[in-house]
Amino acid sequence: MNFSCNNKISNNQLLAVIVAAFLGCTAVSAPLGIIETAGGGACISVFLGGFAASIFFYILVRLTGKRITDSYQNVVYNSLGKFLGFLVLSAIFVYTSVYGGFQLSTTARMVHFTMEKSVSSLFAAILIVFVAFYTALRGRECVGRISEIAAVLMLAFIVFIFVISAPSMDLITLRPTPDEWRGILKGAFMSFSALSVAGYVFVMLPNGGNTKKTAFSVFLAFLIITVVLSFGTALAVSCFGVEESKRKLWPVIQMMNYTEFPGSLVERQEVLMSGFYVFSSFILTSLSVHISSVVLESIFKNINRVFSVLAACAVVLFFCLCALRKGGFEAVYSVYGFNLAMYGVMLLAPIASLLRRKK
Amino acid sequence: MELYKELNKNKEYIKNTLYGSDDIVFKEFENNGTKCFLIYADNIIRGTTIEEGILTNIMVRGEKNFDAFDMQNNLIAVGETKLVQSFEEVFDAVLLGDTVLIVENDNRAVVISTKGWPSRGIPEAKTEVVVQGPKDAFTELGSMNTVLIRRRIRDTALKVRRFKCGRRSKTDITVMYLKDVAKEELVENVISQIKSLDVDCILDSGYLEQFMEKRYSSPFPQLQLTERPDKAASAIYEGRVAVVVDNSPFVILVPSTLNIFFQSAEDYYERWEIMSFMRILRFFAAILSVALPGLYIALTVYRPDLIPTSLALKIASGRAYVPFPAIAEVLIMETAFELLREAGVRLPSPVSSAFGIVGGIVIGSAAVEAGIVGPVVVIMAALSGICSFAVPNPAFVSALRIVKYLIIFMSAFFGLFGFYTSVFLVLAHLASLESYGVPYLYPFCGGSANNYTDFKDSILRVPLRKMRRRPVFAKAGQRIRMLFKNKEGNK
């Protein structure tokens with residue numbers, strides 16, 4: 001009877017989770033590094049890298065989807081054995097916690113500097129983790145359902161902003177120069193890496209379902225993120241110019257300050273954009289906490305659900321606090337930008353090949 | 001405990017057990033030498049049934065050595081009778097308004113249906129008023145409520161299953177559903193829940209509702225209560241299950257989603273354009289009633305730079321001499337409005353409307369003139385309260401009233417970030433709720449389960465001709481409810 005109460009999410013919900021969780025966060029964090037590398041051709045880099053990530057995930061899901069007839073964690077244990085499975089799952093736990101903690105620190109900083117100066121970054125982070133605890137405790141269905149609503153609202157909001165801002169784009173700024181092509185390709189790789197950190201959503205895959213539909217949902221999700229990110233980057237670069245964009249911490253959000261909404265009642269739009277980003281961050285943090293707790297439960301078999309979620313929250317918060325320390329942001333970012341992304345790719349590919357080898 | 005064969009022993013036991021209940025009547029009489037014993041509760045039984053349908057027949061036409069079975073089949077001129085053998089069944093029957101006949105030398109008793117509970121007739125709906133549509137409403141009599149639904153569903157597939165719930169109250173619970181439309185698991189789930197309840201009494205459907213809800217700690221109702229028979233019938237047609245509780249004028253409908261609480265009965269009786277507009281208005285009103293006070297605090301206290309300058313100056317000038325902070329102003333006005341609302345419910349209707357006007361004027365204007373609150377806060381609180389009345393379901397409105405305070409406090413402490421956090425928390429809570437396996441936010445979440453067709457009856461209501469499929473509550477093979485004939489006469 002029930003199409004719920006089964007701790008599974010549908011293909012549409014998976015699409016929504018990916019879009020809602022990663023759209024906001026990648027829109028804020030990714031373009032800065034890519035603009036520095038690719039200059040005026042940043043939007044091309046973003047599109048190329050994002051499209052490559054979409055194809056990459058489509059292939060991965062098609063390859064591994066049929067094997068995942070049980071939960072992802074059980075499949076890892078069955079395919080790799082207990083010891084190797086334990087190591088891989090531990091790595092995934094650290095990986096998702098670090099990523100979640102880092103994104104949380106970015107959000108907390110953004111809340112403090114852009115939205116509410118009276119709310120400290122630390123307190124903002126604690127509040128977000130509290131919400132993530134509640135959402136993660138309710139299970140993946142809760143995360144999937146709220147993502148369905150959030151993704152639609154976010155996309156509608158983004159499309160509206162783009163439609164308003166598009167007429168004022170200066171396309172000349174976006175034209176890449178011949179010597180920027182190397183930077184564009186490097187930027188494409190950075191974009192690919194930035195999106196590939198989303199690989200841990202494999203844990204959320206609707207196991208045993210129609211692999212083709214699931215793969216298409218994943219492909220579509222990353223394609224949507226790619227298109228939005230590319231357009232956002234193009235807008236930011238055309239608004240500020242290449243050199244000024246490199247100095248902006250969150251160019252896409254700060255660009256909102258210069259966008260004129262017709263008949264708008266609100267005088268500072270970047271706060272509205274921050275709200276959209278905060279929503280995305282809630283979902284991403286909830287997702288990170290949920291996946292970390294699920295992985296923890298598969299490592300420690302008899303752990304209580306509440307404790308696993310609490311432990312996951314504590315670890316995510318810990319990494320967030322590390323990033324929030326003075327100088328911590330730059331230190332973590334320099335590691336995150338490349339190593340963590342490679343970490344993600346390194347995790348996915350061997351698991352996929354091992355899964356394929358064992359039946 | 002089984003009945004005795006000896007009539008005297010039965011009489012003694014029954015009289016001892018019911019000792020002190022002066023409304024229970026014991027009648028001893030003879031049927032051609034065979035002693036009989038009649039027990040019934042005075043004023044519960046129906047008219048002259050006992051005299052005409054029972055006593056006259058037995059005394060005039062009865063034969064010697066007739067036992068209980070013979071009495072039941074040959075002498076008692078009442079439609080519903082049955083034989084019982086235990087004292088518990090005898091007492092249950094008497095207390096429910098039936099009459100029990102015990103015959104000498106027989107350990108069986110005849111239960112004769114003579115229920116005639118007093119009722120107030122079919123009233124008009126008070127909480128779900130419509131402009132166009134039927135005006136009748138349920139009563140406290142469960143049997144009457146069942147009849148009101150049956151009038152609207154003349155289908156042999158309509159099943160009416162009766163149970164008793166409550167150790168002492170033995171309240172009649174009736175579960176109604178369409179056998180070929182409602183999902184079997186849903187029906188069995190509801191019935192098993194009712195059967196498994198072990199409580200003293202079920203006094204109202206609200207009692208049962210709270211026992212049936214999975215997440216009883218949530219302020220949001222997960223089951224729908226209605227006093228309208230047309231709404232109950234409509235729900236049954238969609239594959240939902242109606243639970244009629246005796247002594248309660250509200251019928252429970254399961255499962256229920258958030259979308260359902262925004263639907264009014266007359267949505268389907270009037271034109272689709274205006275009703276779609278009303279639906280959008282209701283959703284907007286619900287959002288406004290919950291979010292407006294918190295947003296006001298977040299913007300005026302923490303981010304006045306977001307408000308257009310002219311409006312910000314107006315607000316500031318209104319608050320210039322107000323001695324309280326914004327949160328105190330908002331809480332004063334919101335609390336005052338809640339008190340007015342609560343007091344208005346308890347007052348007799350001739351007085352309540354005047355009271356509402358006087359109270360509003362006194363609290364609103366006088367408070368502003370006294371400088372206790374600013375004028376904008378009065379308007380904001382009134383608007384928030386009026387918007388809450390736009391939502392058709394009172395239980396859902398009550399939940400919004402509570403959630404509003406969470407958003408107010410979060411906005412007061414953490415500004416705009418607190419506002420976003422509280423809104424997300426509420427959404428997450430709603431996303432985690434389910435009603436008998438259906439996500440609470442359906443069709444906004446999980447709408448693909450019925451190919452997104454349920455969006456046709458959500459924020460907008462499409463023309464009835466386009467609503468050809470039943471909602472997701474119905475069995476998978478029974479989703480088509482409307483077929484049209486083409487020019488060739490084929491469906």
Side-chain angles (χ1 to χ4, degrees), chain A residues 1-6 9-13 16 107-108 110-112 114-120 123-124 127-128 130-139 141-150 152-153 264-272 274-283 286, chain B residues 182-189 214-215 255 298-299 301-312 410-411 413-450 452 472-473 475-476:
Chain A
M1 151 175 117
N2 297 340
F3 57 96
S4 62
C5 317
N6 51 13
I9 59 172
S10 65
N11 292 323
N12 289 333
Q13 285 174 340
T107 309
M110 195 271 309
V111 165
H112 176 67
T114 313
M115 203 183 275
E116 285 301 340
K117 285 199 167 31
S118 56
V119 176
S120 68
F123 209 83
L127 217 53
I128 295 175
F130 171 75
V131 172
F133 169 76
Y134 178 82
T135 312
L137 194 62
R138 295 288 159 215
E141 285 182 292
C142 180
V143 178
R145 286 173 201 161
I146 198 165
S147 302
E148 274 190 281
I149 295 177
V152 169
L153 291 175
S264 169
L265 284 174
V266 179
E267 294 203 339
R268 291 197 49 195
Q269 279 101 218
E270 83 270 19
V271 181
L272 287 183
S274 316
F276 143 86
Y277 175 73
V278 162
F279 255 71
S280 179
S281 184
F282 277 134
I283 292 173
S286 304
Chain B
K183 294 178 180 171
E184 280 106 8
E185 308 89 76
L186 170 66
V187 173
E188 288 314 312
N189 202 350
K214 199 172 158 187
R215 294 269 299 275
L299 292 179
V301 175
Y302 290 90
R303 298 306 304 257
D305 54 326
L306 284 176
I307 308 173
T309 316
S310 52
L311 183 59
M410 289 289 282
S411 303
F413 289 125
F414 308 117
L416 208 54
F417 176 64
F419 176 77
Y420 286 134
T421 306
S422 53
V423 167
F424 187 87
L425 206 51
V426 171
L427 278 176
H429 177 70
L430 288 173
S432 69
L433 291 177
E434 281 158 2
S435 177
Y436 286 82
V438 182
Y440 197 69
L441 290 176
Y442 185 85
F444 309 112
C445 297
S448 57
N450 201 19
Y452 298 105
V472 76
F473 313 118
K475 277 186 196 171

- prompt: In chain order, what residues pass the side chain to side chain contact (heavy atoms under 4.5 Å, CB included) check against L441(B), with sequence neighbours excluded?
  reply: I149(A), L258(B), L430(B), A431(B), C445(B)
- request: Check each atom of Y134(A) against the heavy atoms of chain B and say whether the ones under 4.5 Å are side chain, backbone, both or neither.
  value: side chain
field: Residue L433(B) versus chain A: region with a heavy atom under 4.5 Å
entry: backbone
message: Test of understanding: with side chain to side chain contact (heavy atoms under 4.5 Å, CB included), list the residues that count as partners of A124(A), not counting sequence neighbours.
response: A108(A), V111(A), V119(A), F417(B)
field: Which of N12(A), T135(A), L127(A) touches chain B most, by non-hydrogen pairs under 4.5 Å
entry: L127(A)
- prompt: Can you name the closest pair of heavy atoms from E116(A) and L416(B) and give their distance?
  reply: OE2-N, 2.8 Å
field: Lys/Arg N to Asp/Glu carboxylate O, R215(B) vs E434(B), below 4.0 Å
entry: no
message: Only pairs of heavy atoms separated by less than 4.5 Å count here; which of F444(B), F419(B), Y302(B) has the most with chain A?
response: Y302(B)
